[in-house]
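Okay, structure first, notes after.
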Amino acid sequence: MLTGILFDRSGRRIRSGCCTAEGVVILLLLVRVGFGRPFSESEKSHLDSAAVNETITDQEAIGSITPDQQPTDVNLSSTTTTTSSSSAGESVYSTPIANSDFTDTSDTMMMADIFGSPFPNSGPPLSRFPEQATHPVAPTAIDTPDRSRPIPTNKFYSNLYLGSGSCGVWTLPYSVSVNRDAGAGGFAISHIEAHMLALGPDPNQDPVQYYINPVGIRHMQLGAQELGGAGMKVTLNKPGNHHVNVVMQQSGGGGGGRVTFPLSQGMGFVTGVYSGLTPVVSSAVMFRQISAATQIRAGLQKWRVTLEDGTVWVVYAAGDRPLNLVQKSNKIFQANTGPFTGLVQIAKLGSGTQAESALDESAGAYVADFTISGSVNGDRGSLRFNFTKAGRTDVAPLLNYCLPHQQASFTTQTLMARRDSQLRSTVKGMMIAVQSDFWEMTVDVPTGMEFLPPLARALDPRTREVIRVAAVKEAREIDVERTSNLDSMYFAGKALAKYAQVVLTLLAVAPDLNEAKLALAKLKKAMARFTENRQNFPLVYDSTWKGISSSASFKTGDPNVDFGNSYYNDHHFHYSYFIYTASIISYTERLLGTTNPPYTSTPTHDWVSYLIRDTSTPCSTDPSFPQLRAMDYFHGHSWAKGLYESADGKDQESSSEDAHFAYALYLYGLETGNAQLRDLGLLQLGILKQSLNTYFYIMPSTNVNASSSVHPPKFTKNLVTGILFENKVDHATYFGMNSEFIHGIHMLPTTPASGFVRWNSQWLGLEWERYFSGGRAESAVGGWKSVLMVARALLAPGEAWRWFRDEGAREGVLDDGLSRTWGLVMAAGNGGGEA
């Protein structure tokens, strides 16, 4: 069965002070204001420049300041001195990681586990937000005791509790779906090889627009004779980030028996744990040959099954007594010994010399839980997968399959646990078997990253003045209260962040204190509409799924309004802009010395903290929010899709906004002195750099580990995925097929984090040459040309500078989330300018 290629998902983007300036400088040189990090030498030097330029104006370009423009809520004469509890490189949050591989080898200090404790609690959400007591999507398939706890909304198994519950779940390398065939109810298991892919719309094109793994092919089925039909009840319990238990039993029958399927990402076996039911193994592809049962270990049986498509699968069983499986037909293979208590496992035989032996060694055990721990030490981030083992204890370590980006990050110890056995994933290349009860990975993290691009604090005077004039003009002309007064949290956040970058520029790049104070006052007033929850569709606390969401869908009845925010679509995209804006407000207030009390200890901070907890509460003990709503640490990136059933699984369109979310967490952690939040942002950026450059940004190469080997050869010339689903990849967007849409959505917003994630200059050059060179960028519609040009600053900053200096001043050429000021800053900060 082939599903819709483009618009099959609901709700997406149709995409004055009395202190002298000298006094401020002296004060800021001596102390640190608020909770943020100490100012760097370059920041101090810009404060000196700000003092010099405090009264500079360009009358011809920007006019004069009228008395009614003087700020009323900025006070330079009063400050608060606060000492941070940790230095920039120190971790102070609780729960150290015990494994020695996570210990700083230059120090005996144990590194703290980012995921080991909750963030400082900002209190019950209902103390700040009105309650939404019911949700149009009810968690009826979730086991009743688990409904009182936060339920994940954007995880791999969501299809099992959404809609009909019949759509697939991609554990990888397998996919499973509920099979309700009478007398064989259970899970259907599928694994798709590369030759089975559907390419389209014209398979003869190179590149093709999309490729998709066919769904509905039931290679193997694991169920029970007592299950099936409408009376089969499917419930989920202990839902976590990477693991869930699926329990199947027959309503009003089946003798009270049940079978539990523990699903975890990367699992090497599909396992059914039976309690008083009769196992049935079947195949819609049909059996060609089934070997006689062998005993590979005391109490552990094995059958080798060859299907009519030539693939080989293995079946294992261990229980209260030997299992006698008898072939009833070319589709049915079932026990004739009555109800059984024990486990049955099915796995596909992969390629490689150790494919079968590794399965035999680990058979009888399964993953009963899958948690993560992590830390940051200097410029290295560490991530550990912890697998809880159940079943037989007299077997080798657990067998799971890893993705390419994980293998590239493995520590030496985990690399040694690989086995020569491979199975293809749906959209992420070949997976390799790893025989270990834990995995350890390390990534580079951008510890020195800050608010500005690398060279922005060391510009020549001419370049700086061009930026200052542009910033003053935009600071005055943009009515940020109006531009952010929207029905959409997404577009409102972009408007606030756009203006925040102008404020930042007026203090830290091209200083002008008078204008900066005026602009900051405007920004804070606009931000207050949201922190006081007075926007058109106020935020609510949804007590069903436990999250902060827009009230838009609840008030209008439209699940698609604001891109499905009320249904948990895109929360990391939407809220990143508010977290980022709050970080800039805090930082600029510290630069001005105006914070009393610190911005990060005000009700605004409380409001931002709820957005952070909604999207990124780090551990499972927060009673009000699910752990890490969007980020999938197995896949290495977030999923944007929330409570929508989807035949092709979760998806993400904007990889760059995923990175922007992590960047915003990092900046806010810096500003609040929250080392745990800072390190969470850093770790996510490091993981995203690895995964995005493996799956989303396609670098043609003959290297088998390159991203080009992940996707079919006829897709690689696209150079970027477009929308990446769990089961298909579509070089498209939800809002159109223009090249500037498809590639631009992976560029915006361009910030210092972009240079870290989109680091490959060769790939940047290929993308530009293939899609936008030779004047083709000029045909980009609306503000998309500006999106292309600010991203161009990463590779050709001189070209980007000239465009924003000259063309960027024209009416209607800028994206609604981008200012001419920020385009100039990104270009100059990467090497462009007047010199």
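Side-chain contact check for Asn565 versus His574: some heavy-atom pair is nearer than 4.5 Å. Using a 4.5 Å heavy-atom threshold, the side chains of Trp803 and Val813 count as touching. In this structure, the side chains of Trp822 and Phe804 stay at 4.5 Å or more apart for every pair of heavy atoms. Residues Pro130 and Asn533 have side chains in contact (heavy-atom distance under 4.5 Å, counting atoms from C-beta outward). You'll find the side chain of Tyr668 reaches within 4.5 Å of the side chain of His605, heavy atoms only. Looking at heavy atoms from C-beta onward, Asn536 lies out of side-chain contact with Leu486 at the 4.5 angstrom threshold. Counting heavy atoms from C-beta outward, Arg468 and Glu515 have side chains that stay 4.5 Å or more apart. Between Val608 and Phe578, every side-chain heavy-atom pair lies at or beyond the 4.5 Å cut-off.
Scored by the side-chain contact (heavy atoms from CB on, under 4.5 Å) test, Ser553 finds Val561, Ser566, Tyr567 as partners (sequence neighbours excluded). Legend: residues meeting salt bridge (charged side-chain N to carboxylate O under 4.0 Å, His left out) with Glu532, ordered by chain and number and at least two apart, are Arg534. With sequence neighbours left out, the side-chain contact (heavy atoms from CB on, under 4.5 Å) criterion links Ala471 to Val502, Thr505, Leu506, Thr821. Taking Ser549 as the reference, nothing meets the side-chain hydrogen bond (donor to acceptor under 3.5 Å, both in side chains) condition, with sequence neighbours excluded. Contacts of Asn830 classified as side-chain hydrogen bond (donor to acceptor under 3.5 Å, both in side chains), with partners at least two apart in sequence or in another chain: none. For His746, the side-chain hydrogen bond (donor to acceptor under 3.5 Å, both in side chains) partners at least two apart in sequence or on another chain are Ser655. With sequence neighbours left out, the side-chain hydrogen bond (donor to acceptor under 3.5 Å, both in side chains) criterion links Glu477 to Lys473. Partners of Asp479 under the salt bridge (charged side-chain N to carboxylate O under 4.0 Å, His left out) rule, at least two apart in sequence or in another chain, do not exist in this structure. Evaluation of the side-chain contact (heavy atoms from CB on, under 4.5 Å) rule for Ala809 yields Arg820 as partners, not counting sequence neighbours. For Lys546, the side-chain contact (heavy atoms from CB on, under 4.5 Å) criterion is met by Pro150, Tyr541, not counting sequence neighbours. A search for salt bridge (charged side-chain N to carboxylate O under 4.0 Å, His left out) contacts involving Arg128 returns Asp606, not counting sequence neighbours.
Between Glu474 and Lys498, no side-chain nitrogen of the basic residue sits less than 4.0 Å from a carboxylate oxygen of the acidic one, so the salt-bridge criterion is not met.
Considering all non-hydrogen atoms of both residues, Thr581 and Ala500 come closest at CG2-CB, 4.1 Å. In terms of heavy atoms, Gly642 sits closest to Asn569 at N-OD1, 2.6 Å. Across Ile745 and Trp784, no two heavy atoms sit closer than the pair N-CZ3, 3.8 Å. When all heavy atoms are compared, the tightest approach of Pro618 to Gln627 is O-NE2, 2.7 Å. Contact between Val376 and Asp679 at its shortest, heavy atoms only, is CG2-O, 3.5 Å. In terms of heavy atoms, Met747 sits closest to Ala791 at SD-CB, 3.6 Å.
Within the structure, salt bridge (charged side-chain N to carboxylate O under 4.0 Å, His left out) pairs that include any residue of residues 571-581 do not occur (at least two apart or interchain).
Between the Lys517 side chain and the Leu592 main chain, no donor and acceptor come within less than 3.5 Å of each other. Side-chain atoms of Asp815 never come within 3.5 Å of backbone atoms of Val787 as a donor-acceptor pair (strictly under, hydrogens ignored). No donor-acceptor pair closer than 3.5 Å links the side chain of Ser616 to the backbone N or O of Arg613.
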Requested in this report: Before giving the answer on ring pair (Phe, Tyr, Trp, His ring centres under 6.0 Å), spell out for Phe554 and His135 the whole-Å C-alpha distance, their side-chain angles and the decisive distance to 0.1 Å.
Outcome: CA-CA 8 Å; Phe554 308 128; His135 195 284; 5.4 Å; yes
**Report entry** Chi angles and distances behind the side-chain contact (heavy atoms from CB on, under 4.5 Å) call for Phe491, Phe563
**Finding:** CA-CA 11 Å; Phe491 288 116; Phe563 312 115; 3.4 Å; yes
Report task. Test ring pair (Phe, Tyr, Trp, His ring centres under 6.0 Å) on His571 and Phe661 and set out the steps. Result -> CA-CA 10 Å; His571 276 205; Phe661 172 67; over 10 Å; no
Requested in this report: Decide yes or no on side-chain hydrogen bond (donor to acceptor under 3.5 Å, both in side chains) for Glu671 and Ser583, but give the supporting numbers first.
Outcome: CA-CA 6 Å; Glu671 278 305 300; Ser583 302; over 6 Å; no
Requested in this report: For the pair Leu688 and Phe756, evaluate side-chain contact (heavy atoms from CB on, under 4.5 Å) and give the outcome as yes or no after the intermediate values.
Outcome: CA-CA 10 Å; Leu688 283 165; Phe756 175 75; over 6 Å; no
Requested in this report: Please report the C-alpha distance between Tyr490 and Glu657 in whole Å, then the side-chain angles of each, then the deciding distance to 0.1 Å, and finally whether the side-chain hydrogen bond (donor to acceptor under 3.5 Å, both in side chains) criterion is met.
Outcome: CA-CA 11 Å; Tyr490 176 68; Glu657 286 179 305; 2.7 Å; yes
Query raised in the report: Hey, mind stepping through Trp639 and Asn154 against side-chain hydrogen bond (donor to acceptor under 3.5 Å, both in side chains) and telling me if it holds?
Result: CA-CA 6 Å; Trp639 295 114; Asn154 296 49; over 6 Å; no
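Between Arg464 atom CZ and Leu459 atom CG the span is 6.0 Å, to the nearest 0.5 Å. Note that CG of Asp570 is 10.5 Å distant from OG of Ser638, once rounded to the nearest 0.5 Å. How far NE2 of His660 is from CG of Leu665: 10.5 Å, rounded to the nearest 0.5 Å.
Looking only at atom types and distance, the side chain of Tyr666 has no donor-acceptor partner in the side chain of Gln684 under 3.5 Å away.
Using cut-offs of 30° and 60° for the angle between ring planes, the Tyr580 and Tyr663 rings count as tilted.
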